[in-house]
Amino acid sequence: MKIFYHCYGGAHTSIVCAAIHLNYLPKDNIPAAFAFKEIPFYDKMKNNDIGSTVFVGTDEYGCDIYIMGMRNGREVVIPAIKGYLNEHYITNNDILFVNALVELHPVTALGGMLSRRLGLVSIGQPLTIWGIRRYYKIFVELVGKVQQKERDIISSS
Amino acid sequence: MDIIYCGYFATYEAYLCALIHIGMEFDCYSMYSYFELCRKYSKQFGNLIFVGLDHELNRVYAMGCKEFTDVIINSQSSFREIYDIGNDIKHIDTTKISTSLPHIIEKIGDNAHLYSAAKWLFYYWCRRMYPRARYFVKNETGLFNSE
């Protein structure tokens, strides 16, 4: 099974969810700011790479975890991916797309724009981390639901 | 190889280029059916529309990507690698030759009173776009080089 966490740019919320999923970040407390900076690929996705997938790791059930950015076009991008796979007789049953943009702090959005679009990393990155830390529990809850669904799918197959 | 013509709409430029690519000739008699087809399938965003096989047996598709053409190109290329799909993939971005007319046709075509105007605009668009699309396909794919 493959799980794709996707967000706007594939640089912040999706990578945080993937990191929580893979236990790089804790589920029981809010990590310090430096812990986010140490996550591989955090605040790294370039603007012209949006849409590309990045393999982050394999979880305890053997599922591959990826992240990707879709801007705000997931209603178009996801059918395009599934359609392409269908054309090559690859079923979508083992693919799970998870929207990591469930709740986005405005400060994270601002920081993301400063860092990724304007290249002001030193100003933008701390802002993204500040916003993500405020909503950290929401991401933990989301990952918990995804892992529950993952267990259900695995046990039913 | 899969050749995918990407446009804002699934039809109009993307479909026209795909038709030219597979060698379909276009005449005034087929314009009305093409107009109907464009109107019917234009909003199939993200769905691959199989148009046919070209002379090298490449599969030619048209796809509507709205303004996410670059995102879809990256994502399909990534999934090709993840699933180790043997077929090469080539995306051709037809937004380079697109005009605003298809948007206007789509808008006014929904209005029953303006349907004829939409059809007239479509014929105008077709006549203007066909040579441009043919030149574009020639440049992008190297087809018709013997002409």
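Here is the naming used below: chain letters follow the sequence lines, and residue numbers restart at 1 for every chain.
When each of A:S52, A:G73, A:G83 is scored by its heavy-atom pairs under 4.5 Å with chain B, the top score falls to A:S52. In terms of non-hydrogen atom pairs under 4.5 Å with chain A, the most contact-rich of B:N87, B:I82, B:N47, B:L48 is B:I82. Ranked by non-hydrogen atom pairs under 4.5 Å with chain B, the options A:I78, A:N86, A:V54, A:V77 are led by A:V77. With chain A as partner, the option from B:I85, B:D70, B:I72 having the largest number of non-hydrogen pairs under 4.5 angstrom is B:I85. Of the listed residues (B:K66, B:R80, B:E81), the greatest number of heavy-atom pairs within a distance under 4.5 Å of chain A belongs to B:R80. Taking chain B as the reference chain and counting heavy-atom pairs below 4.5 Å, the highest number among A:M68, A:E87, A:M70 is found for A:E87.
With a 4.5 Å cut-off on non-hydrogen atoms, B:Y61 touches chain A through its side chain but not through its backbone. Only the side chain of B:R59 comes within less than 4.5 Å of a heavy atom of chain A; its backbone N, CA, C and O stay farther away. Heavy atoms closer than 4.5 Å to chain B are found in both the backbone and the side chain of A:I50. Proximity to chain B (any heavy atom under 4.5 Å) is shown, for A:F55, by neither the backbone nor the side chain. With a 4.5 angstrom heavy-atom cutoff, A:L85 touches chain B only via side-chain atoms. Contact of A:D64 with chain B is not made at all, since no heavy-atom distance falls under 4.5 Å. In this structure, the portion of A:D49 lying under 4.5 Å from any heavy atom of chain B is its backbone and not its side chain. Proximity to chain A is absent for every atom of B:I73, based on heavy atoms less than 4.5 angstrom apart. Residue contact with chain B, scored on non-hydrogen atoms closer than 4.5 Å, involves the side chain of A:K2 exclusively.
Ring to ring, B:Y115 and B:F35 are close: their centroids are under 6.0 angstrom apart. Checked against the 6.0 Å centroid threshold, B:Y15 and B:Y41 do not count as a close aromatic pair. Checked against a 6.0 Å centroid threshold, the rings of B:F79 and A:F4 count as neighbours. A centroid separation of less than 6.0 Å is found between the aromatic rings of B:H103 and B:F9.
A cation-pi geometry, defined here as NZ or CZ lying under 6.0 Å from the six-membered ring centre and within 45° of its normal, holds between A:R134 and A:W130.
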Item to check | CA sep, side-chain torsions, deciding dist, call: B:C6, B:M63, side-chain contact (heavy atoms from CB on, under 4.5 Å) | outcome: CA-CA 5 Å; B:C6 307; B:M63 183 169 59; 4.0 Å; yes

Item to check | Working for side-chain contact (heavy atoms from CB on, under 4.5 Å), residues A:I3 and A:F97 | outcome: CA-CA 6 Å; A:I3 298 174; A:F97 287 100; over 6 Å; no

Next on the checklist: Apply side-chain contact (heavy atoms from CB on, under 4.5 Å) to residues B:T69 and B:Y8 and explain how you reach the verdict.
Outcome noted: CA-CA 8 Å; B:T69 306; B:Y8 183 94; over 6 Å; no

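With 3.5 Å as the limit, one finds no donor-acceptor pair spanning the side chains of B:Y5 and B:E13. For the residue pair A:T13/A:Y8, the side-chain donor-acceptor check at 3.5 Å is not satisfied.
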